[in-house]
Number of protein chains: 2
Amino acid sequence: MKSSEVTCCTPVSDGLDERQALELADLLKVLADPARLRIVSMLAAAEGGEVCVCDMTEPLGLSQPTVSHHIKVLREAGFIVSEKRSKWVYHRLVPAQLEAVRGALVIGQLV
Amino acid sequence: MKSSEVTCCTPVSDGLDERQALELADLLKVLADPARLRIVSMLAAAEGGEVCVCDMTEPLGLSQPTVSHHIKVLREAGFIVSEKRSKWVYHRLVPAQLEAVRGALVIGQLV
DNA sequence: ATCAAACATTGATGAGCGTCGATGTATAGG
DNA sequence: CCTATACATCGACGCTCATCAATGTTTGAT
């Protein structure tokens with residue numbers, strides 16, 4: 001449908017281009033999962049800011065491989081960082097990444 | 001795995017419960033799509049704040065049924081409202097809903 | 001009354017992903 | 001050396017969902 005001679009609306013600004021929309025959508029997809037939100041939440045609420053997988057499986061009601069999978073997704077998206085110490089791997093939030101997503105959702109930022 | 005006598009981390013606060021995590025995840029799922037992000041963006045950038053479907057299919061590069069589907073998803077999630085006038089249906093943003101999502105992503109709000 | 005445009009609805013299809021069990025790897029302890 | 005724990009990886013299953021063509025519905029114009 002090309003632009004007909006009779007437009008129904010005021011001229012459209014394209015807003016976000018495909019690349020920007022894809023990148024933001026990918027970040028939002030990572031957060032758009034109940035398990036991952038709860039993981040982020042547990043890290044945000046943890047004293048010391050650190051939690052390891054073994055202490056998350058039970059409150060999440062998920063298997064260890066599943067929790068490890070979510071941790072990996074969150075880490076690859078930049079929402080958490082992980083550090084192995086002795087037998088355990090400790091995970092902590094990266095607040096800047098969460099803030100980046102919040103900033104991208106400001107209406108003015110959506111062009 | 002019950003709580004062993006040797007814990008690796010400081011005590012865990014559960015943070016978001018299942019219901020809260022599910023609700024927030026459902027809202028984020030709606031936004032976690034490039035096409036829907038671009039629709040929101042186009043509405044945010046539109047003069048008069050209104051756009052109808054016929055003016056979105058071409059810039060989005062999607063079929064009319066697909067755009068209608070995304071519009072429906074956005075409306076049912078409260079991100080947009082729609083009003084039929086004569087032959088066309090005009091859609092506009094609900095900024096408060098977008099703000100609600102941004103507010104839920106504040107680290108302090110994640111308990 | 002007829003035709004065209006705008007939009008919704010309906011299956012159908014294909015890809016992506018959350019989940020698990022099984023297995024592999026590393027670290028600590030006896 | 002052997003066992004147990006913490007975690008990662010792999011393969012498979014099942015479900016959700018984005019997309020489309022086809023069709024239905026409403027509205028306006030001729």
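Chain letters run A, B, ... following the sequence lines, proteins first and then strands; every chain starts at 1. In what follows, every heavy atom counts, from backbone to side chain, and hydrogens, waters and symmetry copies are set aside. Keep in mind that this is a model prediction, so the values were computed, not measured.
- Across C:dC7, C:dT27, D:dA8, the shortest atom-to-atom separation from the side chain of A:V53 is found for D:dA8.
- A:Q97 places no side-chain N or O within 3.5 Å of a backbone atom of A:V94 that could act as its donor or acceptor partner.
- Among the heavy atoms of the strands, none lies under 4.0 Å from B:R85.
- Between B:V101 and B:F79 there is a side-chain heavy-atom pair separated by less than 4.5 Å.
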Give the intermediate values and the outcome of side-chain contact (heavy atoms from CB on, under 4.5 Å) for residues B:V106 and A:L98. CA-CA 8 Å; B:V106 174; A:L98 212 52; over 6 Å; no
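- Of the residues in residues 60-71 of chain A, those with a non-hydrogen atom less than 4.0 angstrom from any atom of DNA chain D are A:Q64, A:P65, A:S68.
- Between the C1' atom of C:dA5 and the CD atom of B:E58 lies a distance of 16 Å, rounded to the nearest Å.
- In this entry the distance linking CG of A:D33 with P of C:dG16 reads 18 Å, nearest Å.
- A straight line from CD of A:E83 to P of C:dA26 spans 19 Å, rounded to a whole angstrom.
- Applying the salt bridge (charged side-chain N to carboxylate O under 4.0 Å, His left out) criterion to B:E99, with sequence neighbours excluded, gives B:R102.
- The two residues A:G48 and A:R92 have their closest heavy-atom pair at O-NH2, 3.0 Å.
- Between B:R38 and A:L16, the shortest heavy-atom contact is NE-O, 3.0 Å.
- Here the C1' atom of nucleotide D:dC17 and the CG atom of B:D26 are 13 Å apart, to the nearest Å.
- For A:E23, the side chain to side chain contact (heavy atoms under 4.5 Å, CB included) partners two or more places apart in sequence, or in a different chain, are A:R19.
- For the pair B:K87 NZ and D:dA29 P, the computed distance is 7 Å after rounding to whole Å.
- Per the geometry, NZ belonging to A:K29 stands 17 Å off P belonging to D:dT16, to the nearest Å.
- The nearest whole Å value for the distance from the CE atom in A:M56 to the P atom in D:dT5 is 19 Å.
- Put simply, CG on A:L28 is 17 Å from C1' on D:dC17, counting in whole angstrom units.
- Between A:R36 and A:K84, the residue whose closest nucleotide on DNA chain C is further toward the 5' end is A:R36.
- Picking from D:dT27, D:dC17, C:dA8 the nucleotide with the shortest atom distance to the side chain of B:R75 gives C:dA8.
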